[in-house]
Amino acid sequence: MILSVTDLHVSYGPVRAVRGLDLSVGEGEIVALIGANGVGKTTTVKAIAGLLPFTGSIRYAGADLTPNRAEANVARGLALVPEGRGILKRMTVEENLRMGFYARAKADIAGELEATYARFPILGERRNGMAYQLSGGEQQMLAIARAVHAKPRLLLLDEPSLGLAPKMTERVFRLIGELRKEGMSVLLVEQRARQTLEIADRAYVLENGRVIAEGRAGDIARDPKLAEAFLGGHAGA
Ligand SMILES: Nc1ncnc2c1ncn2[C@@H]1O[C@H](COP(=O)(O)OP(=O)(O)OP(=O)(O)O)[C@@H](O)[C@H]1O
Ligand SMILES: [Mg+2]
């Protein structure tokens, strides 16, 4: 396992957002974290990324993570693409992409930028334009491309499809599949449960800061109880 989370608890003052959560991600796996609004998905990935205090254990690549050590985690290959993307809108596309290299001791920045532009021609065309001028989907591509520049072993993606049209969502999900082929492991937070379960290997369903179901993605998708509660009644169709 590249990631093992055991008995994770995270609170915001009196609000107990995550209450004893266990999950794991294997090498090269795409693992989905699904559930309704406010169940603790973002809190979980932020704690894993090192952006929040927590209790319990988060083991990544053979070592226990210390709370609030996001920069050290990035240097060890643990990268988060946050909810809302976290790009700097008043900087250029290329400036955003260059930030992705900050934790890398040595990187062929020019070469990797060219590879990114070959993969995402739109980012190449707009490299000197402001990030806010990109469409929502293009901004999501930019955020993921930037995270890839950190050479992550484990990529945490928080609702990458949020606000995207179906075509762009498909493109983003295809990209996640490609990244896994390149050797990345992925923890994917999503509300579009049905589509997510199509690309994920395994899934965890959250409610009230706890895992209420887990298993192979196909089994979760076919579970009639979960279909009603979490998948909008369309599962297994
Ligand atoms: N900074 C904060 N201060 C206080 N409470 C918070 C804070 N951030 C989140 N919460 C609360 O913690 C709980 C979990 O929130 P979280 O953002 O993790 O949910 P989520 O599953 O990501 O939801 P969504 O699908 O809407 O993004 C919610 O009850 C939320 O109101
Ligand atoms: Mg969230």
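Atoms within a ligand are numbered from 1 in the order they appear, just like the ligands themselves.
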* Does Ala107 offer a backbone N or O that forms a donor-acceptor pair with the side chain of Lys151 under 3.5 Å? -> no
* What do you think, any protein heavy atom under 4.0 angstrom from atom 31 (O) of ligand 1? -> no
* Under 4.0 Å from any heavy atom of Thr42, which atoms of ligand 1 are there? -> 17 (O), 18 (O), 20 (P), 22 (O), 27 (O)
* Atom CZ of Arg216: over 12 foreign heavy atoms under 6.0 Å -> no
* Do any N or O atoms from the side chain of Ser11 and from the backbone of Pro14 form a donor-acceptor pair under 3.5 angstrom? -> no
* To do: Only pairs at least two apart or in different chains count here, so list each salt bridge (charged side-chain N to carboxylate O under 4.0 Å, His left out) that has a residue in residues 96-113.
  => Glu94-Arg98, Arg104-Glu112
* For Asn37, the ligand 1 atoms whose distance to one of its heavy atoms is below 4.0 Å -> 23 (O), 24 (P), 25 (O), 26 (O)
* Structure fact -> When distances are taken from atom 2 (C) of ligand 1, the protein heavy atom at minimum range is Tyr12 CD2, 3.4 Å
* Shortest protein heavy-atom distance from atom 29 (O) of ligand 1, along with the residue and atom involved -> Gly38 O, 3.8 Å
* Any nitrogen or oxygen of Ala17, main chain or side chain, under 3.5 Å from a nitrogen or oxygen of ligand 1? -> no
* Would you call Arg153 and Glu27 a salt bridge, taking side-chain N to carboxylate O under 4.0 Å as the test? -> yes
* Residues Lys46, Asp158; criterion salt bridge (charged side-chain N to carboxylate O under 4.0 Å, His left out); working and verdict -> CA-CA 9 Å; Lys46 279 173 99 173; Asp158 194 353; over 6 Å; no
* To do: Ignoring angles and geometry beyond distance, decide whether Val15 reaches within less than 3.5 Å of ligand 1 through its nitrogen or oxygen atoms.
  => no
* For ligand 1, which atoms sit closer than 4.0 Å to a heavy atom of Gln191? -> 25 (O)
* Does Glu159 have a non-hydrogen atom less than 4.0 Å from ligand 1? -> yes
* Is it the case that more than 12 heavy atoms not belonging to Arg127 sit under 6.0 Å from its CZ atom? -> yes
* the Mg ion (ligand 2) as vertex, arms to OE2 of Glu83 and OG1 of Thr42: angle to 10°? -> 110°
* Should you measure from each heavy atom of Glu83, which atoms of ligand 1 turn up under 4.0 Å away? -> 27 (O)
* To do: Quick one: look up the protein heavy atom nearest atom 25 (O) of ligand 1 and list residue, atom name and how far away it is.
  => Lys41 NZ, 2.7 Å
* **Short N or O distance, Thr43 and ligand 1, threshold 3.5 Å exclusive** => yes
* Asked: Is at least one protein non-hydrogen atom found at under 4.0 angstrom from atom 6 (C) of ligand 1?
  -> yes
* Any side-chain donor near an acceptor of the partner, Tyr60 and Ser4, under 3.5 Å -> no
* Asked: Mind checking whether Gly40 has an N or O less than 3.5 Å away from an N or O of ligand 1?
  -> yes
* **Heavy-atom side-chain proximity of Phe173 to Gln195 below 4.5 angstrom** => yes
* Taking a hydrophobic cluster as the set of Ile, Leu, Val, Met, Phe, Trp and Tyr residues connected by side-chain heavy atoms closer than 4.5 Å, whether directly or through intermediates, do Leu162 and Val45 fall within one such cluster? -> no
